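Report on the following structure.
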2 protein chains.
Amino acid sequence: MKSSSRLSAVLHALMHMAAHRGPMTSEVLAQCMSTHPVVVRRTMSGLREAGLVTSTKGHNGGWSIACDMEKTTIRDIHEALGEPAVYAIANSNDAPQCLLEQAVNAALDDAMKEAEALLLARFQSLTLAQIAGDFTERLRQRHRHKDH
Amino acid sequence: MKSSSRLSAVLHALMHMAAHRGPMTSEVLAQCMSTHPVVVRRTMSGLREAGLVTSTKGHNGGWSIACDMEKTTIRDIHEALGEPAVYAIANSNDAPQCLLEQAVNAALDDAMKEAEALLLARFQSLTLAQIAGDFTERLRQRHRHKDH
DNA sequence: TTTCATGTAACTTTATCTATTACATGAAAT
DNA sequence: ATTTCATGTAATAGATAAAGTTACATGAAA
């Protein structure tokens with residue numbers, strides 16, 4: 001399976017944008033995320049449509065955060081990305097005739113839906129501000145280390 | 001994302017094997033699962049190594065269940081398949097230097113590990129016998145429909 | 001000894017995510 | 001005005017992983 005890292009990448013970009021005064025260009029963000037500027041634009045376009053970020057052209061242009069870090073959750077970001085599939089596991093057939101396969105699918109779906117609901121609930125309870133707070137905590141830890 | 005359907009396919013095969021007296025060939029199983037016999041062998045080899053099924057060559061050869069349906073869980077099957085990745089979502093970088101990215105990864109990992117633990121716990125609480133039981137229930141339902 | 005069926009390596013196909021190129025649009029600086 | 005900077009987006013290429021296929025070896029039963 002090939003897994004997507006868009007959610008992780010976008011969150012990383014948002015953290016940099018939050019820690020930076022003024023817009024950041026796709027090129028700079030792409031360097032942070034070791035990817036291509038066009039990939040940044042493509043990925044961020046979903047967030048722009050959702051009103052979570054803004055982009056401006058020309059000199060001093062680039063990307064800026066346009067949402068409340070305290071209120072915006074990981075789930076909001078996930079939705080803005082188009083709610084990509086969470087699981088790498090899927091049924092081999094979505095509407096099987098075979099009753100045996102139906103029973104298998106029902107059992108798997110049950111378990112997976114429950115786990116997905118938990119994951120989305122956790123995403124919903126986690127704000128950008130909390131992640132930023134964890135960052136400052138890590139910064140403190142690092143400085144404490146250096147001092148001794 | 002391209003999701004793997006091996007778990008679903010293998011469970012479907014096991015249900016057919018349980019409902020069938022005597023070994024089933026890879027070719028017949030492949031037809032049930034609309035796939036290729038070699039894919040069946042490849043996929044089932046993990047289960048054979050785990051002792052969950054046996055395979056015999058030659059005339060009247062094929063695959064047979066070798067485990068207790070009451071005691072074998074979906075999680076056992078998942079493990080026998082090599083515990084393939086559950087998520088289609090991953091961090092873009094597993095050991096980032098950037099503290100911002102570390103904070104993002106930690107937040108995502110937390111939520112995802114918890115959801116994965118729940119999923120695996122559900123898998124562990126679900127036996128092959130339960131799925132087979134659900135099948136007979138569905139069969140009953142279908143017959144009831146026909147009778148009215 | 002022939003036939004059937006698995007075991008497995010090697011290769012091909014297919015699907016999907018990511019990267020890149022190319023060009024259009026528009027805003028600021030000169 | 002025109003140049004420069006930066007995004008917007010379509011189109012194409014590359015990379016990767018799962019599934020499909022081919023080919024041939026192994027071994028058991030008829």
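Values below: every heavy atom of this structure, side chains too, minus hydrogens, waters and symmetry copies. Chain naming here is simple, since letters A, B, ... match the order of the sequence lines and numbering starts at 1 in each. Treat the numbers as computed from the prediction; the structure is a model and nothing was measured.
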Starting at [atom1] of [X] and ending at [atom2] of [N], how long is that distance when rounded to a whole Å?
| X | N | atom1 | atom2 | answer |
| --- | --- | --- | --- | --- |
| B/Tyr87 | C/dT16 | OH | P | 22 Å |
| A/Leu81 | C/dT16 | CG | P | 18 Å |
| B/His36 | C/dT12 | NE2 | P | 15 Å |
| A/Trp63 | D/dT7 | CH2 | P | 7 Å |
| B/Leu29 | C/dC4 | CG | C1' | 16 Å |
| B/Glu27 | C/dG7 | CD | P | 15 Å |
| A/Lys57 | D/dA6 | NZ | C1' | 9 Å |
| A/Leu47 | D/dG8 | CG | P | 12 Å |

Under 4.0 Å from OP1 or OP2 of [N]: is there any side-chain N or O of [X] that close?
| X | N | answer |
| --- | --- | --- |
| A/Thr54 | D/dT7 | no |
| B/Thr56 | D/dA28 | no |
| B/Ser26 | C/dG7 | no |
| A/Ser55 | D/dA6 | no |

Subject >> Of A/Thr25 and B/Arg42, the one whose closest DNA chain D nucleotide lies more 5' >> reply: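 Mapping each residue to its closest nucleotide by heavy atoms, the 5'-most match is A/Thr25.
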Heavy atoms from other residues, nucleotides or ligands near [atom1] of [X] exceed 12 (cutoff 6.0 Å):
| X | atom1 | result |
| --- | --- | --- |
| A/Gln141 | CD | yes |
| A/Glu137 | CD | yes |
| B/Asn60 | CG | no |

Subject >> Nearest non-hydrogen partners of A/Ser26 and A/Val40, listed with the distance >> reply: O-CG2, 3.8 Å
Subject >> Complementary nucleotide for D/dG27 - Watson-Crick or wobble, under 3.5 Å >> reply: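 Check on D/dG27: paired to C/dC4, both distances under 3.5 Å.
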Original post:
Does any nucleotide pair with C/dT16 by Watson-Crick or G-U wobble geometry, both distances under 3.5 Å, and what is it?
Top reply: D/dA15
Original post:
Could a donor-acceptor pair under 3.5 angstrom be found where the side chain of A/Arg41 meets the base of D/dA6?
Top reply: no
Original post:
Under 3.5 Å, is there an N or O donor on one side and an acceptor on the other linking the side chain of B/Arg48 and the base of C/dG7?
Top reply: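 No.
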**OP:** Could you grab the distance from atom NZ of A/Lys71 to atom CG of A/Leu128, nearest 0.5 Å is fine?
**Re:** 13.5 Å
Original post:
Between A/Thr35 and A/His59, who's closer to the 5' end of DNA chain C by nearest nucleotide?
Top reply: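 The residue whose closest nucleotide sits nearer the 5' end is A/Thr35.
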Original post:
Mapping A/Arg6 and B/Asn60 onto DNA chain C by nearest heavy atom, which one lands closer to the 5' end?
Top reply: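 Its nearest nucleotide lies further toward 5', so the answer is B/Asn60.
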